[in-house]
Amino acid sequence: MKKFMPLLVSVSLICAMLITLAGCTKNNLMSEDIEPKIEQMLDYISAGDEEGAYSMMYPGEVPEEAFLDNFEIIRNSFPVPEEHTLSRNTFRSVTGLGTEVVKEFIGEYYIAAADQRLRLTVEWKETKTEKGFVSFNIIKEMDLAFTGEDR
């Protein structure tokens, strides 16, 4: 019986760890969760809907005035065609606990259209009460060609 007790405790601890790990992965945001939000933001940018685009930003991260001042510059510099394909390059997702549960997703995507290829980096954040993009950056692949970032 004395040899059985340590084995029972070990098995119980392993089961508890597996349940905890399974629960953590389930809570993380996946690329499939974020891609519709990315497409919605791209639609707002393409349509010139600065209010709609700003509504998708995480509250308090980017001042509204700065966002609206730069919206047209970004829209004209990096036009996203209506017909495009979005493909994921990399992503990482974490869920953290502090005073509340915070889920964060950081990803890099490619936007391909007939005549251009853009790179998109996004950071999405969710809490129980708020959610939105912390950053949403578009850059032309051609602009990365000589920076060493084109790999």
* Mind checking whether V94 and F105 sit in one hydrophobic cluster, side chains of I, L, V, M, F, W, Y counted as touching below 4.5 Å? -> no

d(E123 CD, E108 CD) to nearest 0.5 Å is 13.5 Å

Determine, using the 4.5 Å side-chain heavy-atom cutoff (strictly less than), whether F67 and V134 are members of one ILVMFWY cluster. no

Please evaluate residues I138 and L42 with respect to the criterion side-chain contact (heavy atoms from CB on, under 4.5 Å), reporting the C-alpha separation (whole Å), side-chain torsions for both, the decisive distance (0.1 Å), and the verdict.
CA-CA 10 Å; I138 303 170; L42 292 172; 4.2 Å; yes

Fill in: Derivation and outcome, side-chain contact (heavy atoms from CB on, under 4.5 Å), residues V122 and F91
CA-CA 9 Å; V122 299; F91 80 95; over 6 Å; no

Is the side chain of S46 donor-acceptor paired with the backbone N or O of D43 at a distance under 3.5 Å, no angle test? no

Separation between CG (D49) and CE (M56), nearest 0.5 Å, reads 11.0 Å

Of all heavy-atom pairs linking V62 and Y54, the shortest is O-OH, 2.8 Å

Practice prompt. Show your working on side-chain contact (heavy atoms from CB on, under 4.5 Å) between V101 and K128 and close with a plain yes or no.
Written response: CA-CA 7 Å; V101 175; K128 190 176 188 180; over 6 Å; no

Query - Parallel, tilted or perpendicular, as decided by the 30° and 60° cut-offs, for the rings of F133 and W124 - result: perpendicular

query: Transitively linked via ILVMFWY side-chain contacts under 4.5 Å: M41 with I106?
result: no

Do L68 and E51 come close enough that some side-chain heavy atom pair is under 4.5 Å?
yes

Interatomic distance, CG@D33 vs CD1@I38, rounded to 0.5 Å, equals 11.0 Å

Fill in: Heavy-atom side-chain proximity of E39 to H84 below 4.5 angstrom
yes

Just do the side-chain contact (heavy atoms from CB on, under 4.5 Å) check on Y109 and E35 with the steps written out, would you? CA-CA 10 Å; Y109 293 82; E35 287 173 15; 3.5 Å; yes

Quick check: do T121 and I139 have side-chain heavy atoms less than 4.5 Å from each other?
no

- Query: More than 12 foreign heavy atoms under 6.0 Å from CD of E32: is that the case here?
  - Reply: yes

Practice task
Decide yes or no for F71 and I45: does some side-chain heavy atom of the first lie under 4.5 Å from some side-chain heavy atom of the second?
Solution key: yes

In short, K131 meets P59 closest at the heavy-atom pair O-CD, 4.0 Å

One should read off an interatomic distance between N137 CG and L118 CG, to the nearest 0.5 angstrom, of 12.5 Å

Using a 6.0 Å cut-off, check whether atom NZ of K37 has over 12 heavy atoms from anything other than its own residue. yes

**Message:** Can you confirm whether F136 sits close enough to L120 that some side-chain heavy atom of one is under 4.5 Å from a side-chain heavy atom of the other?
**Reply:** yes

Output for pair (E130 CD, K125 NZ), nearest 0.5 Å, gives 8.5 Å

L29 and S93 have their tightest heavy-atom pair at O-OG, 2.7 Å

Heavy atoms of P79 and Q116 approach each other most closely as O-NE2, 2.9 Å

Separation between OH (Y58) and CD (E104), nearest 0.5 Å, reads 9.0 Å

